[in-house]
Amino acid sequence: MSQTKQIEQKWQKRWEEAKLFEADPNPNRQKKLVTFPFPYMNGPLHVGHAFTASRVDAYARFKRMQGFNVLWPWSWHWTGQPLLGASQRVARGDEAYIKVLREVDGVSAEELQKFVDPFYMAQYYTNEGRLAVKNIGFSVDWRREFTTVMPTFQKFIEWQYKNLKEKGYVTQGTHPVVWCPKDQSPTGDHDRQSGEGITPDEYTLIKYCLDDGTILPAATFRPETVYGITNMWINPEATYVEADVDGENWIISQQAAEKLKEQERKVIVKRAFLGRELVGKFFTNPITNLKFPILPGWFVNPKTATGIVYSVPAHAPYDYLALRDLQKKPEMLIQFGVDPSTVLAIKPISIIKVEGFGAYPAIEIVEKMGITDQNDPKADESTNELYKKEFHSGILKANCGIYTGKSIREAKDKLIVDFKELGVADSMYDLSESVVCRCMTPCIVKILSDQWFLNYSDPKWKELAHQVIAQLTIYPDSARPWFNTVIDWLREWACARTTGFGTPLPWGKGWIIETLSDSTIYMAFYTINAQIKANSIKPESLTPDVLDYIFLGKGDRVSVAKTVDISTDLLDSMRNEFLYWYPLDLRNSAKELVPNHLSFCIFHHAALFPPQHWPKAIGVNGMLMVEGQGMHKSKGNFITLKGAIEKYGADATRCGLLLGAEGMDDPDWRADNINDLKFKFDSFMGFAGNIIASTKTDEDTPLERWLTSRLQQRINDVTVALDELKTRTALQTALFETWNDLRWYIQRKGSAETKAIGDAVKDWLKLLAPFAPFLCEELWSQTGEGGFISTAKWPVYNDSKVDVVALEQETLITDVMVDTNNILKAMKIMPNRIIYYTAASWKWQVYLKVVEKTLVGEAKINELMRTFATDITLKPHIKDIAPLVPRIIKALTKISGDRKINMAKIGIIDEKIILDDASTFLKDRFNAGITVYSESDIQCFDPKHRATMAMPYQPAIYIE
RNA sequence: GCGGAGGUCGCCCAGCAUGGUCAAAGGCGUAAGACUGAGGCUCUUAUCCCGCAGGGGUUCGUGGGUUCAAAUCCCACCCUCCGCACCA
């Protein structure tokens with residue numbers, strides 16, 4: 001077993017023995033309740049889960065070290081269809097799928113056989129998952145764990161839905177879905193062989209009439225064009241039927257009749273015939289009462305909607321093309337018994353004014369694109385283009401009745417409602433492309449009746465949800481507009497289905513609460529589940545009254561307790577525990593859950609809880625990529641959490657993930673990077689371990705003060721970043737930047753055996769502990785500090801420990817080194833001897849005066865010169881000051897405001913002493929002799945007269 | 001189409017809300033040197049271009065604009081990723 005693995009197991013065991021992460025209410029301590037959406041258990045946990053959850057864990061550990069009573073619970077989502085589907089695929093012997101389970105998930109042959117039981121499968125992955133979560137070191141309170149099929153949890157969901165229904169947020173109605181006739185169930189994207197992303201389109205049917213009253217329901221997405229109709233198109237070769245539809249006599253394509261039967265229509269087919277039978281007849285437009293002919297149109301697809309299309313040649317390229325084709329072929333019309341003069345007499349009717357087009361946009365676009373006939377593929381393109389233009393910028397002309405002057409955008413919806421009210425319009429659903437179920441059956445649109453909805457359309461509910469968002473902290477805040485738009489955009493959500501695992505709807509027989517709808521406020525259940533389990537509370541005791549009392553404080557405790565097998569004390573204890581932990585302090589998830597789960601969570605909290613129990617903060621992060629690609633089992637780039645921990649170790653896995661990205665950016669898992677990090681941690685162990693093990697001398701030179709000051713800055717940076725859930729920034733600072741500081745100190749000092757660096761390492765370990773808890777725990781135990789680092793006190797930034805003089809002095813050294821290097825690079829030489837000349841004291845006087853001036857406003861040269869001229873000490877140098885001042889001003893433009901303030905505060909520093917102190921270090925660095933003179937030293941060796949170049953904070957340099 | 005997020009020096013990415021401190025942090029990669037029996041470990045240095053003295057030039061998707069000054073502000077355009085419903 002590797003050393004890393006031993007360390008991981010050792011500390012995992014000790015944490016568990018110490019019950020370190022079990023959190024109970026404590027009125028004397030401030031609390032944090034942090035959560036991660038429970039993962040769905042149809043497969044193993046992967047590094048994507050780990051990324052999001054690592055952010056939660058880092059935050060939880062950070063807050064715990066800051067002294068908060070932190071509760072991080074974890075559970076497992078079993079609700080839904082896929083678990084069942086997966087199990088069925090195993091039962092069916094689906095080889096491709098079984099191969100994935102064996103090779104990617106690592107399921108043994110023996111276990112696999114048992115997967116025919118979906119419960120077994122879910123339990124298997126749950127067990128595997130729990131182990132992985134423990135192995136990665138998440139600081140979870142396991143006493144609160146559950147799965148969503150547990151009866152006690154289901155009582156909670158029943159309570160939730162009972163309350164929602166009572167508040168009027170649950171409604172019943174009809175709903176169109178893509179449906180597999182064989183499976184007798186809705187066919188979601190994941191269940192489809194082809195046709196991903198296709199949703200039911202609603203067509204408006206305009207009820208045109210034949211003379212005998214028979215209705216020709218022509219389908220359209222543009223009912224406003226009814227004012228521009230010139231004729232009807234019927235495919236002469238397609239089969240149509242005459243049918244009784246909800247008591248009316250309709251003519252529709254044969255396929256349409258079948259479809260309508262699934263859409264809540266009573267359809268009795270009376271006879272079937274070929275479309276040509278209708279050609280030549282006339283019909284009435286119910287809006288205008290004008291008569292028009294029916295003409296043959298081969299482009300009409302009987303599979304689309306009703307198979308009946310009306311013609312608007314002024315605005316529809318297909319209609320114009322088909323008409324033009326007919327007008328060119330009178331002999332064809334005669335075959336159908338149509339008088340060619342009728343067709344020749346048809347003139348397009350212009351009804352829409354569009355930017356960039358004349359009266360007849362369809363004709364213009366056809367001519368512009370050179371489209372030859374209705375079979376030209378460009379006809380489609382032109383249709384899309386024109387429809388888009390007309391929808392966005394079209395205005396209805398004077399011949400459009402009461403809609404005249406309105407834009408298409410505003411008229412369309414109103415017109416549909418009006419026409420339906422008048423009884424001249426109807427609607428039906430159809431699919432824009434074919435959708436095929438995984439079972440290879442072509443899908444249709446079915447209207448489900450008696451469907452239960454969560455009415456997210458309710459304006460009052462939306463308003464409450466907006467209020468929740470308004471008081472939320474969102475990490476990063478750039479996700480806020482997204483939440484608000486989602487709240488506005490969500491509409492009725494079908495919250496129950498008939499298949500899969502889940503909680504039965506308390507009032508609806510045969511309905512099961514759907515998976516996204518049973519996971520909205522369950523964080524509240526965590527607060528009491530430890531007590532439920534510890535006291536073996538029976539599900540039947542968790543009545544609505546009991547839960548009302550616990551979560552809402554409703555009712556009288558004594559009488560509520562009396563109704564069930566729960567003592568008053570226990571009831572109160574649960575109520576108190578809920579009140580202690582709620583509200584939720586952080587919920588963090590990947591951004592894909594913003595439009596559904598997270599927004600639902602907001603809606604449901606708004607509906608069920610008072611404002612003081614609304615969530616406080618939501619974190620959103622990117623989706624994990626693997627080597628630049630989305631992670632999929634089918635792509636062969638699926639990385640299980642278990643596998644990652646085994647290969648790289650828990651700490652490297654956590655940190656590799658967290659270093660990938662923050663905010664809403666997508667992190668990229670690169671095996672090379674993680675592997676490198678693994679080695680980095682090995683050397684981290686050595687580096688920090690050596691310092692801890694070495695003897696300590698108590699020294700206090702500027703270098704120690706520098707180190708202490710730097711560490712204070714790092715402490716501040718990490719703390720601020722973590723408070724904003726900027727885990728990447730925090731970890732980068734904690735790991736790399738701090739490490740660089742320590743390295744610099746050791747190089748400058750030439751040893752690592754001081755108390756200062758020993759103390760620094762302890763703080764360093766604390767800064768890293770939220771990210772790499774195992775290694776930090778191990779190293780912490782070597783420091784002799786005692787206790788767990790997981791609960792050690794987080795370092796607090798202390799301004800008084802920051803020594804700006806020490807910081808400036810060290811900056812002087814690095815600046816001098818940069819300058820020296822720059823010269824060496826330009827010279828392309830190896831130096832024998834380097835001589836530094838520090839600025840004379842009168843230059844400091846001038847310099848500091850200029851600094852002072854630039855801090856309060858603009859430094860004016862003549863003004864400064866006047867001041868200097870009156871100063872007796874400076875007078876002898878006045879000739880040299882004249883050229884110096886502009887140089888100083890220029891140099892200061894490159895220096896930050898903070899540093900200038902420090903410079904002014906510090907005053908003169910003795911550069912000679914500082915450089916002399918560093919000369920051994922500089923000698924090693926440049927492999928050359930180092931000599932330091934003061935400019936004012938007349939004895940100094942200065943063959944090239946460089947000394948006069950010296951400026952404060954920028955000594956002159958001469959290199960031999 | 002609608003909505004959201006982005007395009008930075010070989011790669012991953014900071015910076016952009018408050019314009020100057022930005023040739024632009026950090027990590028990776030690459031190169032040289034040190035250490036070593038050896039090293040794919042580790043440490044140091046370098047890493048846009050030019051420069052025999054600490055300097056100069058050209059960069060932050062593209063094209064304009066504002067300004068003494070723009071990676072940062074404004075406008076237009078191009079490109080990439082994500083979500084779009086009964087499904088986790």
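We name chains A, B, ... by the order of the sequence lines, and we start the count at 1 in each one. In what follows, every heavy atom counts, from backbone to side chain, and hydrogens, waters and symmetry copies are set aside.
Within the structure, side-chain hydrogen bond (donor to acceptor under 3.5 Å, both in side chains) pairs that include any residue of residues 666-675 of chain A comprise A/K591-A/D666, A/D668-A/R670 (at least two apart or interchain).
Comparing the C1' positions of B/A5 and B/C16 gives a spacing of 15 Å, expressed to the nearest Å. Rounded to whole Å, the separation between the P atoms of B/G61 and B/U42 comes to 34 Å. With C1' as the reference atom, B/G40 and B/G56 are 41 Å apart, rounded to whole Å.
Taking 90° from 0 as the syn/anti boundary, the base of B/A53 is oriented anti.
Taking atom NZ of A/K726 as the reference point, atom C1' of B/G15 lies 11 Å away to the nearest angstrom. If you measure from atom OH of A/Y836 to atom P of B/G54, you get 15 Å, rounded to the nearest angstrom. Remark: P of B/U42 and CZ of A/F687 are 13 Å apart, rounded to the nearest angstrom. For the pair A/N673 CG and B/C12 P, the interatomic distance rounds to 11 Å; values are reported in whole Å. Look at CZ on A/F926: it is 19 Å from P on B/G33, rounded to the nearest Å. Atom CE of A/M664 and atom P of B/C82 are 15 Å apart (whole Å). Separating the CG atom of A/N675 from the P atom of B/G29 is a distance of 10 Å, rounded to the nearest angstrom. In this structure, A/R748 atom CZ and B/C43 atom P are separated by 20 Å, rounded to whole Å.
Summarising the base pairing, B/A71 is matched to no nucleotide, lacking a Watson-Crick or G-U wobble pair whose two defining distances lie under 3.5 Å. Remark: B/G33 base-pairs with B/C43; criterion is Watson-Crick or G-U wobble with both hydrogen-bond distances under 3.5 Å. With a 3.5 Å ceiling on both atom-pair distances, B/C52 lacks any Watson-Crick or G-U wobble partner. B/A5 is paired with B/U80 under the criterion used here, namely a Watson-Crick or G-U wobble arrangement in which both key atom distances are under 3.5 Å. The partner of B/C28 is B/G10, by the rule that a Watson-Crick or G-U pair needs both atom distances under 3.5 Å.
At a threshold of 4.0 angstrom between heavy atoms, the contacts of A/A661 with the nucleic acid are absent. Nucleic acid contact for A/L677: none, since no nucleic acid atom lies under 4.0 Å from a heavy atom of the residue. Residue contacts shown for A/D668 are absent, as no nucleic acid heavy atom lies under 4.0 Å away. Residue A/L516 is classed as a base contact, given a heavy-atom separation below 4.0 Å to a base. Contacts of A/D666 with the nucleic acid, taken as non-hydrogen atoms under 4.0 Å apart, involve only primed sugar atoms and P, OP1 or OP2. Among the heavy atoms of the strands lying under 4.0 Å from A/P955 is at least one base atom, whether or not backbone atoms are also near. Among the atoms of the strands shown, only primed sugar atoms or phosphate atoms (P, OP1, OP2) are found under 4.0 Å from some heavy atom of A/S478. In this structure, A/D665 reaches the sugar-phosphate backbone alone: every heavy-atom distance under 4.0 Å involves primed, P, OP1 or OP2 atoms, never a base. Using a 4.0 Å heavy-atom distance criterion, A/Q954 is classed as a base contact.
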Atom pairs, N/O to N/O, protein against nucleotides 44-47 of chain B, distance under 3.5 Å?
residue, atom, partner, partner atom, Å
B/U44, OP1, A/Q747, NE2, 2.7
B/U44, O3', A/R925, NH2, 3.1
B/U45, OP1, A/R925, NH1, 3.0
B/U47, OP1, A/K825, NZ, 3.4

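Every residue was checked against the ring-ring contact (aromatic ring centres under 6.0 Å, His included) condition with A/F926, not counting sequence neighbours, and none meets it. Among residues two or more places apart in sequence or in another chain, the ring-ring contact (aromatic ring centres under 6.0 Å, His included) test is passed with A/H597 by none. Judged as a ring-ring contact (aromatic ring centres under 6.0 Å, His included), and not counting sequence neighbours, the contacts of A/Y456 are A/W461, A/F600, A/F603.
For the pair A/R222 and A/Y387, the distance from NZ or CZ to the six-membered ring centre is under 6.0 Å and the angle to the ring normal is within 45 degrees. A cation-pi arrangement is present between A/R833 and A/F941, with the terminal nitrogen or guanidinium carbon under 6.0 Å from the aromatic centre and inside a 45° cone about the axis.
Along RNA chain B, the nucleotide closest to A/W489 and the one closest to A/A950 are compared, and the more 5′ of them pairs with A/A950. Along RNA chain B, the nucleotide nearest to A/T79 and the one nearest to A/T729 differ in position, and the one closer to the 5' end is contacted by A/T729.
A centroid separation of less than 6.0 Å is found between the aromatic rings of A/F921 and A/W744. Proximity of the aromatic rings of A/H46 and A/F638 is defined here by a centroid distance below 6.0 angstrom, and this criterion is met.
Out of B/G29, B/G54, B/C43, the shortest distance to the side chain of A/W739 is found at B/C43.
A/E662 pairs in a side chain to side chain donor-acceptor pair (under 3.5 Å) with only one of the listed residues (A/T727, A/N621, A/T729), which is A/T729.
In the interface, the side chain of A/N822 is not paired with the base of B/G54 through any donor and acceptor atom under 3.5 Å apart.
Stacking annotation: A/F679 is not stacked on the base of B/G40 (requires ring centroids less than 5.5 angstrom apart and an interplanar angle below 30 degrees).
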Output side-chain donor-acceptor pairs under 3.5 Å for residues 942-954 of chain A, partner residues at least two apart or in another chain, one line each.
residue, atom, partner, partner atom, Å
A/D942, OD1, A/H945, N, 3.1
A/D942, OD1, A/R946, N, 2.8
A/D942, OD2, A/R946, N, 3.4
A/D942, OD2, A/A947, N, 3.1

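Within the 4.0 Å cut-off from OP1 or OP2 of B/A25, not a single side-chain nitrogen or oxygen of A/N740 is found.
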